[in-house]
Amino acid sequence: MARIRDVGQAGKPDYLMTMHGLFWRFPGQFSTTNTAGIRPRSAYLKVIGDFTRWNNQLVFGCDDSAQKEFLNKRKEKGGIEGPGQSNSNLWFTSPATPDQLGPNTAEGAVWMNEQVAGGTPSEPFLFAGWPNRAVWVQNHGPETVALTFEIDKTGTGNWTPLQTSTLASEQTLRVPFAVNTPGEWIRIRTDKAARLSAHFTYSANDKRDKTTNSMFAGLSPLTASSTTGGLLYGLGNNRRSLGLVAQQYTGSQPTDIGYYELDAAMKLVRKKDDSTQSFINAKFAIPKQVITIDGSSVLIVDEKGRRWRLPLSDERFTKLTNEGSLRICREVATERDLFNCHGTFYELPAENADGYAKVRPISSHRLRINDYASYRGLLVMTGIDLAAVAGKEHIVVSDDRKAAIWAGAIDDLWKLGKPTGHGGPWQNTAVAANVPSDPYLIGFYDKRTLTLSHKATSPVTFTVEADPVGTGQWMIYRTFTVKPGQSVSHTFPSDFQARWVRFRTNKACTSTTLLNYQ
């Protein structure tokens, strides 16, 4: 649901809207005859129920951690349970925060394989506010159809033609729009009745670099030979503390340091509680071998048997993941998992919200993050370099100086560094003619290049298909013919946006499809 409130100072109205994980600027003069001015600001990860301005700050009421995880079990989480009792908190931020979090990507369809009447326009779709804009259109019918795009330049309901595209039977087309194309709203009109899909994709330019913010200092780097980690659990029975079984990782098997509790005053204190320590070790052990890491990608097979492939990062993540030294998946906001896979954090919707099909990369890192959990509205992580914690405000060290945690907000993860990665669904893979590869994630990355090659003795044509939404509706992007002994490289334009890509070849051969995201 959307929430709109005035969070401006006295006499200076400033309407903030939260909707679908984005902060929006909402015009105070908005009406049925004046619809101009809705603008995206930035993406957030918290589950926000309400908000207001207080003492020159923004205060958000959030749904942080539910005791019951509802329909959100998956093998990548192992036998892990939710916290012992639900807990949430207020989130106090600067009024500037809604402009400072994640890139404001957005998407949506006016038609999804729908029967459309000729001459009848679609509903208006927001058009202003993004530098990179395009629409994927597909003709599912037997006749050629002309699509006319119309824009409302000022939000007053006056529509003018922008451009017309012709779409043959079963044809797919990606229509980009120039950065300077005007219009508050856009709609589509057809020249005849047809069955059509039209899905808009919008993205901002990600201005982040690969640098990790200093707020994460004290977490062990990937290059560290050991780390002070530990398993986390929000205690129940009204104990109102976070349990930590601190562990030292110097090899493939961790050694328990002891049991600790983090209280409301953010004091980490050693406790003698063998029962709770045993419970956490048994119920919150990090699962092993629940994903497959091969030479070119991470393969995930979800609860429905669907196959998904994700990019790789530093090869050192492979060993740490396989031996169970890194938590892969955990719910950190109600019905929203945080997936930490091969050096990238992803927002992972619950299975009842289609799970991996709608996964989104948040940030990439080179850290040995051992475990993470939600506690009193905070994101708490383990995997600490105890020799480097002095003066680090986000690090809480135990009373005996043998254990530590990192504490912040889930939306701090945007500051780890922009998502990066490399790989692909095929690497010297024997493929059959016209049989598609597994889907490979491409959405929300920046500076994306593709290299195609094969080992056949005659030219091979590769077809690149995109799933804009994650619904399994594949659309042809481009074809590339690659000569024997050569490779073809392609840089995706900034206005290209889709959730997944996959590949086909026109003949059986040994193929390689490698993508690099910078």
ask   = Quick one: are Asp412 and Leu379 in side-chain contact, heavy atoms under 4.5 Å?
value = no
key: Any donor-acceptor pair under 3.5 Å from Asn237 side chain to Arg239 backbone   = no
Side-chain heavy-atom pair His199, Glu107 within 4.5 angstrom cut-off = yes
key: Closest non-hydrogen atom pair between Ala403 and Thr228, with its separation   = CA-CG2, 4.2 Å
remark   = Tightest non-hydrogen contact, residues Ala466 and Trp136, listed as CB-CH2, 3.6 Å
inquiry  = If we count only N and O atoms by modelled type, under 3.5 Å, do the side chains of Gln277 and Lys271 hold a donor and an acceptor together?
reply    = no
key: No-hydrogen, no-angle side-chain donor-acceptor test under 3.5 Å, Thr481 and Thr461   = yes
request  = Could you tell me whether Arg307 and Asp438 have a side-chain N and a carboxylate O separated by less than 4.0 Å?
outcome  = yes
message = Would you say that Leu310 contacts Phe339 through its side chain, given a criterion of any heavy-atom pair below 4.5 Å between the two side chains?
response = yes
Arg478 to Phe496 six-membered ring, cation-pi geometry met (6.0 Å, 45°) = no
remark   = To the nearest 0.5 Å, atom CD of Gln518 lies from atom CG of Asp446 at 9.5 Å
ask   = Does a salt bridge link Asp274 with Lys272, judged by any charged N lying under 4.0 Å from a carboxylate O?
value = yes
query = With ring centroids as reference points, do Tyr477 and His490 lie under 6.0 angstrom apart?
reply = yes
ask   = For Val501, which of Ile442, Asp467, Thr513 qualifies under side chain to side chain contact (heavy atoms under 4.5 Å, CB included)?
value = Ile442
inquiry  = Could you check whether any side-chain N or O of Asp399 sits under 3.5 Å from a backbone N or O of Val269, counting only pairs where one atom can act as donor and the other as acceptor?
reply    = no
query = Is a side-chain N or O of Asp495 found less than 3.5 angstrom from the main chain of Arg133, in a donor-acceptor match?
reply = no
request  = Give a yes or no answer on whether the side chain of Thr382 reaches the backbone of Ile405 with a donor-acceptor pair at less than 3.5 Å.
outcome  = no
request  = State, without any angle test, whether Ser364 and Thr344 hold a side-chain donor-acceptor pair at a distance under 3.5 Å.
outcome  = yes
request  = May I ask you to decide whether Glu465 forms a salt bridge with Arg502, counting only side-chain N to carboxylate O separations under 4.0 Å?
outcome  = yes
ask   = Heavy atoms, side chains only, cut-off 4.5 Å: are Asp64 and Trp91 in contact?
value = no
inquiry  = Regarding Arg25 and Asp99, does a basic nitrogen lie under 4.0 Å from an acidic carboxylate oxygen?
reply    = yes
inquiry  = Please find the pair of heavy atoms, one from Pro83 and one from Gln67, that lie closest to each other, and give the distance.
reply    = O-CG, 3.0 Å
task = Would you please say whether a donor-acceptor pair under 3.5 Å links the side chains of Glu323 and Ser325?
result = yes
request  = In plain terms, say whether Asp385 and Arg368 are close enough for a salt bridge, that is, a side-chain N and a carboxylate O under 4.0 Å apart.
outcome  = no
key: Mutual orientation of the aromatic rings belonging to Phe345 and Tyr372 [parallel < 30°, tilted 30-60°, perpendicular > 60°]   = perpendicular
inquiry  = If the threshold is 4.0 Å, N to carboxylate O, is there a salt bridge linking Glu347 and Arg336?
reply    = yes
key: pair Ile384-Leu219: side-chain heavy atoms closer than 4.5 Å   = yes
task = Grab the two heavy atoms, one from Gly236 and one from Gln85, that are nearest each other, plus how far apart they are.
result = C-OE1, 3.5 Å
inquiry  = Donor-acceptor check, side chain of Ser511 to backbone of Thr429, threshold 3.5 angstrom: yes or no?
reply    = no
task = Please tell me if the side chains of Ser297 and Tyr440 come closer than 4.5 Å, counting only heavy atoms from C-beta onward.
result = yes
task = Could you walk me through whether Phe23 and Phe60 pass the ring-ring contact (aromatic ring centres under 6.0 Å, His included) test, one step at a time?
result = CA-CA 12 Å; Phe23 289 119; Phe60 296 91; 5.5 Å; yes
request  = Report the relative orientation of the aromatic rings in His394 and Trp406; use parallel for angles under 30°, tilted for 30 to 60°, perpendicular for over 60°.
outcome  = parallel
ask   = Any donor and acceptor pair, going by atom type alone, linking the side chain of Asp273 with main-chain N or O of Thr276 inside 3.5 Å?
value = yes
task = With the side chain counted from C-beta on, respond yes when Glu76 and Cys341 share a heavy-atom pair under 4.5 Å apart, and no when they do not.
result = no
message = Please check this pair: side chain of Asp63 against backbone of Val47, looking for a donor-acceptor N/O pair closer than 3.5 Å.
response = no
request  = For residues Lys358 and Gly470, report the shortest heavy-atom separation together with the two atoms involved.
outcome  = NZ-O, 3.4 Å
Inter-residue atom distance Thr512.OG1 - Phe462.CZ, 0.5 Å rounding = 7.5 Å
request  = Look only at the side chain of Asn104 and the backbone of Arg41, and say whether a donor-acceptor pair between them is shorter than 3.5 Å.
outcome  = yes
ask   = Is the gap between the ring centers of His365 and Phe317 under 6.0 Å?
value = yes
message = So which atom in Ile291 and which in Val298 form the shortest heavy-atom distance, rounded to 0.1 Å?
response = CD1-CG1, 3.9 Å
key: Presence of salt bridge, Lys304 and Asp354, under 4.0 angstrom   = yes
query = Near Asn238 CG, under 6.0 Å, is it more than 12 heavy atoms from other residues, nucleotides or ligands?
reply = yes
message = Taking Gly377's backbone N and O only, do any of them form a donor-acceptor pair with Lys46's side chain (distance below 3.5 Å, no angle check)?
response = yes
request  = Determine whether Leu338 and Leu413 make a side-chain contact, defined as any pair of heavy atoms from C-beta on separated by less than 4.5 Å.
outcome  = yes
query = Could you go step by step and tell me if Arg366 and Ser313 meet the side chain to side chain donor-acceptor pair (under 3.5 Å) rule?
reply = CA-CA 9 Å; Arg366 298 291 188 275; Ser313 180; 2.9 Å; yes
task = Please determine if Asp302 and Arg306 form a salt bridge, counting it only when a charged side-chain N lies under 4.0 Å from a carboxylate O.
result = yes
